[in-house]
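Indexing begins at 1, ligand by ligand and atom by atom, following the structure's order. Throughout, numbering of the chain's residues begins at 1 and tracks the sequence.
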Amino acid sequence: MSQIFVQPEKEQAGNAETKNHQLLVQAGFVDQLMAGVYTYLPLGLRVLENIRRVIREEMNKIGGQEIHMPALHPAENWKTTGAWESVDVLFKVRSRTEKEYALGQSHEEIVVPLMKKFLKSYRNLPVAVYQIQWKFRDELRAKSGIMRGREFEMKDMYSFHETQEDFERFYQEVKQAYLRIFARFGLVAKVTEASGGGFSNKLSYEFMVLTSAGEDVIRYCEKCDFCTNLEIAKSDMTHCKKCDSPLSEGKASEVGNVFDLGTRYPEAFDVTCAGKDGKPIYPVVGCYGIGVTRAMGVIVEKLHDEKGICWPNEVAPYTVSLITLDGMLEESKEIYEHLEKNGIEVLWDDRDVSVGTKLADADLIGNPHRIIVSKKSQEKGGYEWKARNEKEAEIVKKEDVINKLK
Ligand code: ATP
Ligand code: MG
């Protein structure tokens, strides 16, 4: 802690309207450059890396292949689909030679021409590629902290199928993978019926987390898993269409979504491959987004108390905050090395600051476990251990510490 160049602040950021903005800035995870644009500082970057790792594991499990596409796009690709004119959030850039470019706000316009080069026959299908990458959008409002960025990170996956049935099969697999991802983030995401948006006339599914900081409104059933975005719910829809229970309404944030794009993009870019009978077919395309940086913001909105953030294990910057009191640096070093040797990530507060500051900062930063090395704890034969979510601390011997952190 004495070496991290960003130290937690005593006060909350003045211009912050949401909890995620207040706490992430105050604890030193992010810094706001301007509305909707943030620097991820050492602690914040560790959280992002954890979020990315969870997403990668689950995308790889269902056969996703990771790639990395450019953020700077030729205008032609966007003109081909009409999105150059119709997508209001598209940032347009002009070069000194008067050439026009777009900054990627999504990557259908890039991935479909890319796959045109590799999809020769139905034997190349199905295939799913994904990336984790920064997107640029000219959002009108960006007041929800990192939950709505003008530059933000997204995981976007695109799948290509020979038939609609094969797409439907994969669509279900992605939905299950998404639910696993959000559960690992400590979030309860509701699969929500929504409009296909600019993409298609069919329903899409949004993954919604109930939170007052969200910008959507959903109607959901308390008895079963039915949930619909108010955008498409008719005003007289007061009861669940699956089980007829009364619907509840609440604000929510969309952490991910899945779309059936049909053959619209392959048609626009003239992407065909040889079908089983040798005749050309358009592949059926699906696209699947997760807001990486938004998920980080939503985790903070859902998992905090009056003292600070309460990160779930999988995404916490460190597993343990180790606090040295009474100048016991040597004794702290011993347990620090023991923990590191066992593969546990430790944020060691070795600073020369007051006890109160150390305890307050540990709670603010929100690692799931706290270990205090003090005269008192050593006299009692060990270390004072406490989980971030619990009130009571207990004395734990060196040989039992690792078990407490599982
Ligand atoms: P929203 O309705 O919130 O604007 P969207 O429908 O435009 O979202 P997509 O274009 O499908 O979203 O993007 C995929 C995911 O990226 C979303 O589910 C969301 O989690 C995230 N996302 C979208 N816009 C932003 C933004 N401006 N800042 C941060 N994350 C975003
Ligand atoms: Mg949007």
Side-chain angles (χ1 to χ4, degrees), residues 18 20-21 24 30 32-38 40 44 48 51-52 55 59 71 78 81 83 86-91 102-111 130-158 174-175 177-179 181-182 185 187 189-200 202-211 213-218 227 229-232 251-261 265 285-302:
T18 47
N20 79 88
H21 188 177
L24 289 169
V30 304
Q32 188 185 39
L33 175 64
M34 56 182 170
V37 182
Y38 292 83
Y40 286 76
L48 269 194
I51 291 176
R52 292 169 181 155
I55 294 175
M59 291 297 97
W78 291 89
T81 57
S86 64
V87 172
D88 49 5
V89 296
L90 190 66
F91 272 114
L103 297 182
Q105 64 92 28
S106 187
H107 279 72
E108 287 78 5
E109 273 78 359
I110 307 307
V111 76
Y130 75 95
Q131 64 174 350
I132 295 177
Q133 208 223 21
W134 295 89
K135 306 284 189 223
F136 300 86
R137 290 190 185 180
D138 191 1
E139 303 278 5
L140 280 184
R141 288 180 67 258
K143 290 186 174 167
S144 316
I146 62 169
M147 289 167 63
R148 183 168 298 283
R150 297 200 166 97
E151 177 177 338
F152 63 96
E153 197 170 60
M154 192 199 287
K155 184 283 301 175
D156 42 328
M157 180 160 75
Y158 307 88
V174 179
K175 278 190 199 167
Y178 271 31
L179 291 174
I181 289 169
F182 297 124
F185 293 167
L187 299 175
K190 293 182 180 298
V191 182
T192 306
E193 293 184 352
S195 86
F199 289 129
S200 82
K202 299 175 192 160
L203 278 184
S204 70
Y205 295 91
E206 297 172 335
F207 291 74
M208 290 286 189
V209 176
L210 284 168
T211 164
E215 295 177 27
D216 284 270
V217 179
I218 57 174
C227 185
N229 195 311
L230 194 63
E231 270 174 8
I232 64 160
K251 289 180 87 179
S253 179
E254 178 193 323
V255 286
N257 59 26
V258 295
F259 281 99
D260 174 352
L261 297 178
Y265 283 90
V285 179
C287 80
Y288 318 85
I290 290 182
V292 174
T293 44
R294 179 176 293 179
M296 178 170 162
V298 172
I299 292 168
V300 176
E301 293 292 332
K302 297 297 285 186

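Considering only heavy atoms from C-beta on, Lys190 stays 4.5 Å or farther from Phe207 through its side chain. The side-chain heavy atoms of Phe182 and Val209, taken from C-beta on, include no pair separated by under 4.5 Å.
Under a 4.0 Å criterion applied to the non-hydrogen atoms of Glu139, ligand 1 contributes the atoms 24 (N), 26 (C), 27 (N). Annotation for ligand 1: atoms under 4.0 Å from non-hydrogen atoms of Val255 are 18 (O), 20 (O). Which parts of ligand 1 touch Met154 is read off a 4.0 Å heavy-atom cut-off, strictly below it: atoms 13 (O), 14 (C), 16 (O). In the vicinity of Gly149, heavy-atom distances shorter than 4.0 Å reach the ligand 1 atoms 26 (C), 27 (N), 28 (N), 29 (C). The contact set between ligand 1 and Arg137, taken as ligand atoms under 4.0 Å from a residue heavy atom, comprises 5 (P), 7 (O), 9 (P), 10 (O), 12 (O), 13 (O), 23 (C), 24 (N).
The one candidate from Arg52, Gln133, Lys135 that meets the side chain to side chain donor-acceptor pair (under 3.5 Å) condition with Glu153 is Arg52.
For the residue pair Lys143 / His21, no side-chain donor-acceptor distance below 3.5 Å is found, with atom types taken as modelled. Side-chain contact annotation: Glu215 with Ser144, donor-acceptor N/O pair under 3.5 Å present.
Residue contacts with ligand 1 for Glu206 are absent, since no atom lies close enough (heavy atoms, distance under 4.0 Å). At a 4.0 Å heavy-atom cut-off, ligand 1 touches Arg294 through the side chain alone.
Of all the listed residues (Val209, Asn257, Val87), Asn257 holds the heavy atom that lies closest to atom 11 (O) of ligand 1. With Glu231, Glu254, Met296, Glu153 as candidates, the residue nearest to atom 18 (O) of ligand 1 on a non-hydrogen basis is Glu254.
In this structure, Gly256 counts as a contact residue of ligand 1, since one of its heavy atoms falls inside 4.0 Å of the ligand.
Tyr38 approaches Gly145 most closely through the heavy-atom pair OH-CA, 3.3 Å. In terms of heavy-atom proximity, Cys287 sits nearest to Glu108 at SG-OE2, 3.4 Å.
Rounded to the nearest 0.5 angstrom, Glu206 CD and Asn229 CG are separated by 5.0 Å.
For ligand 1, the polar-atom distance check against Phe259 finds no nitrogen or oxygen pair separated by under 3.5 Å.
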